[in-house]
Protein chains: 2
Amino acid sequence: MLSTEQIIDAMSEQGLRITDQRKTLARLFGEHSGYLSAKDVYEYMCKKYSGLSFDTVYRNLRVMQELGVLEQVVFEDGMKFKASCSEDHHHHHMICLQCQRTYPIQFCPIHLADAPEQFQVVTHKFEVFGYCKDCQQSTSDEEQMSTKSGGGR
Amino acid sequence: MLSTEQIIDAMSEQGLRITDQRKTLARLFGEHSGYLSAKDVYEYMCKKYSGLSFDTVYRNLRVMQELGVLEQVVFEDGMKFKASCSEDHHHHHMICLQCQRTYPIQFCPIHLADAPEQFQVVTHKFEVFGYCKDCQQSTSDEEQMSTKSGGGR
DNA sequence: TTTGGTGCAAAAGGTTTGCACGGCG
DNA sequence: CGCCGTGCAAACCTTTTGCACCAAA
């Protein structure tokens with residue numbers, strides 16, 4: 001997963017200005033490996049920037065996603081973001097339902113599927129949901145972020 | 001997949017009133033095997049019911065989903081609905097990007113995934129997207145519904 | 001200094017809710 | 001005839017857009 005520095009460098013190289021807010025965003029996603037909703041990000045950022053507006057958060061999330069430093073995924077309860085995987089080969093994810101951190105799965109089932117021969121495959125989605133090692137015993141809410149982020153879905 | 005009659009029977013058994021609108025909804029989902037958004041359904045129904053309101057469509061979609069006759073899935077471009085599968089065993093789907101019809105896949109990759117041993121699996125999602133037999137040659141828009149429903153995602 | 005980022009306000013979907021009336025059972 | 005389903009209006013939530021001001025480079 002991209003580090004804080006890699007995120008900042010990528011944004012800088014693309015000519016984006018590195019504002020204080022964007023540094024904080026980079027750090028948030030660089031250090032937190034789970035998925036975050038726009039609201040999660042807004043609430044987190046609000047603690048530092050009192051006059052923060054929702055639209056700036058959305059704008060920055062969008063810019064960072066278009067730049068490729070963030071990945072955007074649709075869940076049942078809405079859009080979420082996390083730092084892009086730095087793994088360059090195709091892989092899937094296990095996603096923790098508690099802390100929403102992701103763990104790579106190298107195995108890909110796409111060629112094993114009993115496709116109707118006539119079906120021309122374009123893309124696929126394979127995701128495993130459950131509880132990671134840390135979240136099985138301690139269902140307490142002590143996570144990396146002090147805001148409550150888990151529990152969703 | 002549930003037939004028009006099965007849908008109506010299920011609704012009737014649950015004490016729901018079978019209004020003309022609900023009959024039409026049952027027929028729509030009973031005969032159309034693809035995913036439809038609330039907007040798709042609204043536009044289709046509008047052709048028959050001039051004074052139709054959006055909220056009634058939403059209410060009925062929700063009721064039918066809670067009753068179990070409709071399945072609700074989140075795509076990148078929003079929520080969509082289709083008649084529930086009548087297959088009683090676990091399976092996955094191939095979904096046509098053109099007509100949005102679905103085809104069952106019996107194969108399930110869940111036990112083959114190289115899980116971090118510590119990860120406690122709760123659920124999973126495996127979907128294959130592409131073009132079905134009918135939609136490969138004819139990219140024309142002749143589908144079951146006369147409204148444009150495909151192309152999405 | 002110049003261009004791009006931010007906050008504010010408002011708009012734009014999509015979905016839900018309260019209420020009164022009309023139709024199903 | 002009683003209660004549920006419907007249409008209407010409005011609220012609500014998330015996301016986007018226009019504009020003027022301020023700050024990064």
Side-chain angles (χ1 to χ4, degrees), chain A residues 7-28 35-67 69-70 72-81 149 152-153, chain B residues 7-28 35-67 69-70 72-81 149 152-153:
Chain A
I7 294 173
I8 292 178
D9 288 353
M11 294 176 76
S12 182
E13 278 167 21
Q14 293 293 323
L16 293 186
R17 293 187 183 170
I18 306 306
T19 64
D20 205 56
Q21 235 183 91
R22 285 179 175 170
K23 265 185 225 153
T24 305
L25 270 176
R27 193 149 7 93
L28 172 60
Y35 282 98
L36 297 172
S37 69
K39 198 175 165 196
D40 291 335
V41 174
Y42 175 72
E43 283 168 1
Y44 174 85
M45 299 283 287
C46 265
K47 291 188 287 188
K48 190 161 180 178
Y49 307 93
S50 59
L52 185 69
S53 60
F54 235 119
D55 40 86
T56 304
V57 171
Y58 275 108
R59 261 186 298 237
N60 280 329
L61 288 175
R62 180 124 77 110
V63 164
M64 291 169 77
Q65 187 261 326
E66 285 169 353
L67 204 150
V69 297
L70 291 190
Q72 185 177 339
V73 177
V74 183
F75 290 99
E76 263 76 5
D77 60 341
M79 204 85 84
K80 302 210 173 170
F81 299 85
S149 75
R153 293 195 72 255
Chain B
I7 295 174
I8 292 177
D9 288 352
M11 294 175 76
S12 183
E13 278 167 21
Q14 293 294 323
L16 294 186
R17 294 189 181 168
I18 306 305
T19 64
D20 205 56
Q21 236 182 89
R22 285 178 174 170
K23 266 186 224 152
T24 306
L25 270 176
R27 193 149 5 92
L28 172 59
Y35 282 99
L36 298 172
S37 68
K39 198 176 164 193
D40 290 336
V41 174
Y42 175 73
E43 283 168 0
Y44 175 86
M45 300 283 288
C46 265
K47 290 188 286 188
K48 191 161 181 179
Y49 307 93
S50 58
L52 186 68
S53 61
F54 234 117
D55 39 86
T56 304
V57 171
Y58 276 108
R59 261 185 296 236
N60 279 329
L61 289 175
R62 179 123 77 111
V63 164
M64 291 169 78
Q65 187 261 325
E66 284 168 353
L67 203 151
V69 297
L70 291 190
Q72 183 177 339
V73 177
V74 183
F75 292 100
E76 325 288 328
D77 60 341
M79 205 85 85
K80 302 210 172 168
F81 300 84
S149 75
R153 291 199 70 253

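Keep in mind the model is a prediction, meaning the values are calculated, not measured. So that the names make sense, note that chain A is the first sequence line, chain B the second, and so on, each numbered from 1.
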task: Write down the distance between CZ (Phe75(B)) and P (dG14(C)), rounded to a whole number of angstrom.
output: 16 Å
task: Answer yes or no: does a side-chain N or O of Gln21(A) lie under 4.0 Å from OP1 or OP2 of dG7(C)?
output: yes
task: Using a heavy-atom cut-off of under 4.0 Å over every strand shown, decide if Thr19(B) touches base, sugar-phosphate, or nothing.
output: sugar-phosphate
query: What class does the angle between the rings of Tyr42(A) and Phe54(A) fall in, given that below 30° is parallel, 30 to 60° is tilted and above 60° is perpendicular?
result: parallel
message: Output the rounded distance in Å from CG (Asn60(A)) to C1' (dG7(C)).
response: 13 Å
task: Would you indicate which nucleotide in dG7(D), dT15(D), dC4(D) comes nearest to any side-chain atom of Met79(A)?
output: dT15(D)
field: Nucleotide nearest Arg62(A) when distance is taken to its side chain, options dT16(D), dT16(C), dT6(C)
entry: dT16(D)
task: Whole angstrom is fine here: how far is it from CD1 in Ile18(A) over to C1' in dA23(D)?
output: 14 Å
Comparing Leu16(B) and Phe54(B) on DNA chain C - which has the more 5′ nearest nucleotide: Phe54(B)
- request: For residues Ile7(B) and Met11(B), determine if any side-chain heavy atom of one lies less than 4.5 Å from a side-chain heavy atom of the other.
  value: yes
query: Would you say the side chain of Val41(A) lies within less than 4.5 Å of the side chain of Asn60(A), judging by non-hydrogen atoms?
result: no
Lys48(A) NZ to dT6(C) P, straight-line distance once rounded to whole Å: 14 Å
message: Using whole Å, what does the distance between atom C1' of nucleotide dT15(C) and atom CG of Asp77(B) come to?
response: 16 Å
message: On the nucleotide dG5(C), are OP1 or OP2 found under 4.0 Å from the side-chain N or O atoms that Thr56(A) carries?
response: no
- request: Output the single nucleotide from dC24(C), dA25(D), dT15(D) whose closest atom is nearest the side chain of Arg17(A).
  value: dA25(D)
statement: Here the distance between atom C1' of dA10(D) and atom OH of Tyr58(B), to the nearest Å, is 16 Å
query: Any idea which of dT16(C), dT6(D), dC8(C) is nearest the Ser53(A) side chain?
result: dC8(C)
message: Nearest to the side chain of Arg22(B), heavy atoms from C-beta on, is which of dG5(C), dC8(D), dG5(D)?
response: dG5(D)
query: Touch check for Arg59(B), heavy atoms < 4.0 angstrom, all strands: base, sugar-phosphate only, or nothing?
result: base
- prompt: So what does Asp55(A) touch, heavy atoms closer than 4.0 Å: a base, only the sugar-phosphate, or nothing?
  reply: base
Distance, rounded to the nearest Å, where Leu25(A) contributes CG and dG5(C) contributes P: 13 Å
Non-hydrogen atoms of Val74(A) and Glu76(B) that approach each other most closely: CG2-OE1, 3.6 Å
field: Heavy-atom side-chain contact between Thr24(A) and Tyr49(A) under 4.5 Å
entry: yes
